[in-house]
Amino acid sequence: IPSFLVTLGMLLVVRGTALYTTQGFPQNTWKADDQWLAHLLVGDTTIFGVRLYMSMLWFALAALATHYILTQTKAGNWIQASGGNANAARARGVPVDRVKIALFMFSSLMAGFAGIISSIRTQAANPNSGTGYELEVIAMVVIGGTVLTGGRGTIIGTVLGIAGGFLRGWLE
């Protein structure tokens, strides 16, 4: 099964579970106004007179770290090879199945981190949050040069695709 379809299928399973568990209603979380962890995740700070939101800092750090991994490490070569041609990668000794599982786990970790940031910011866990963003995000990634069949794409291109998507939304 292509990874893209597995991801969309899992989205439906998790969203359905969230809707069933919460009966479709947002759940209040704790008030995180003065807690250091909330400030670290969603606070803001001023650097050289410029207001910087921590969520943007986390995004930049994740983009830089993943760019480094994809372009400068053996794991990055394995990821590109596994996505490009799994059979050829296997023949060269790449543990394709382990690479794909690790990427699914990393993707889940990043989605969970984004969910935590969103729920702290809104002080509620909404099971309907993000509904309809799937196609928008896919379009931004494809505009950034990532091929949905795998093996091609860059983090910098994805960031530029996201910036273009936000610019389009901001101009509307």
Side-chain angles (χ1 to χ4, degrees), residues 3-4 6-8 10-11 14-15 18 29-84 94-96 98-126 129-148 150-171:
S3 299
F4 182 68
V6 172
T7 302
L8 288 178
M10 192 63 193
L11 166 76
V14 171
R15 183 170 289 151
T29 59
W30 74 94
K31 299 286 184 201
D33 297 334
D34 294 328
Q35 296 184 9
W36 67 271
L37 182 61
H39 183 70
L40 179 68
L41 294 176
V42 298
D44 58 16
T45 187
T46 304
I47 298 176
F48 302 117
V50 176
R51 189 176 195 182
L52 177 69
Y53 292 98
M54 294 303 289
S55 56
M56 286 301 294
L57 178 66
W58 287 114
F59 172 74
L61 288 174
L64 289 172
T66 53
H67 172 73
Y68 177 79
I69 290 169
L70 280 177
T71 60
Q72 304 296 320
T73 67
K74 183 165 77 170
N77 286 335
W78 286 5
I79 291 167
Q80 295 282 353
S82 297
V94 176
V96 173
R98 276 196 283 159
V99 168
K100 285 188 176 185
I101 290 170
L103 289 174
F104 281 127
M105 291 170 58
F106 180 70
S107 178
S108 298
L109 177 74
M110 290 289 98
F113 187 61
I116 289 169
I117 288 175
S118 176
S119 68
I120 290 174
R121 179 174 289 134
T122 61
Q123 295 184 354
N126 188 347
S129 182
T131 301
Y133 288 167
E134 301 88 12
L135 291 178
E136 214 173 308
V137 170
I138 291 167
M140 287 181 207
V141 171
V142 170
I143 287 169
T146 300
V147 179
L148 293 181
R152 278 192 173 162
T154 64
I155 298 300
I156 293 172
T158 299
V159 170
L160 290 174
I162 292 168
F166 280 125
L167 183 62
R168 183 190 64 83
W170 184 65
L171 292 175

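As the structure is a computational prediction, the values presented were derived from the model and not from experiment.
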Distance in Å, Leu37 CG paired with Ile120 CD1, rounded so as to fall on 0.5 Å steps = 5.5 Å
Report yes if the side chains of Phe106 and Thr66 come closer than 4.5 Å at any heavy-atom pair, otherwise no.
-> yes
Sole candidate of Met54, Arg51, Met56 that passes side-chain contact (heavy atoms from CB on, under 4.5 Å) when paired with Asp44 | Arg51
Would you call Thr46 and Leu52 a side-chain contact if the rule is heavy atoms closer than 4.5 Å?
-> no
Would you check if Ser108 and Met10 make a side-chain contact, meaning some heavy-atom pair closer than 4.5 Å?
-> no
Leu41 CG to Trp36 CH2 distance, which is reported to the nearest 0.5 Å = 8.5 Å
Drop me the distance from Gln72's CD to His67's NE2, to the nearest 0.5 angstrom.
-> 7.0 Å
Are any of the side-chain heavy atoms of Ile162 and Phe59 separated by less than 4.5 Å?
-> yes
Check the surroundings of atom CZ in Phe104: do more than 12 heavy atoms from other residues, nucleotides or ligands lie under 6.0 Å from it?
-> yes
Within 6.0 angstrom of Ile156 CD1, more than 12 heavy atoms from elsewhere | no
OG1/Thr45 to CG/Leu40 distance, rounded to the nearest 0.5 angstrom?
-> 11.0 Å
Phe113: partners by ring pair (Phe, Tyr, Trp, His ring centres under 6.0 Å), with sequence neighbours left out = Trp58
Tell me which donor-acceptor pairs under 3.5 Å the side chains of residues 129-137 have, and how far apart each pair is, sequence neighbours excluded?
{"from": "Thr131", "atom 1": "OG1", "to": "Asn128", "atom 2": "O", "distance (Å)": "2.8"}
{"from": "Glu134", "atom 1": "OE1", "to": "Gly132", "atom 2": "N", "distance (Å)": "3.3"}
{"from": "Glu134", "atom 1": "OE2", "to": "Arg15", "atom 2": "NH1", "distance (Å)": "3.0"}
{"from": "Glu134", "atom 1": "OE2", "to": "Arg15", "atom 2": "NH2", "distance (Å)": "2.7"}

If you take all heavy atoms of Ile143 and Gly161, which pair is closest and at what distance?
-> CG2-CA, 4.3 Å
Side chains of Thr154 and Leu70: does their closest heavy-atom pair fall under 4.5 Å?
-> no
Ile79 backbone acceptor or donor facing Ser82 side chain under 3.5 Å = no
N/O donor-acceptor pair under 3.5 Å between Thr122 side chain and Ser118 backbone = yes
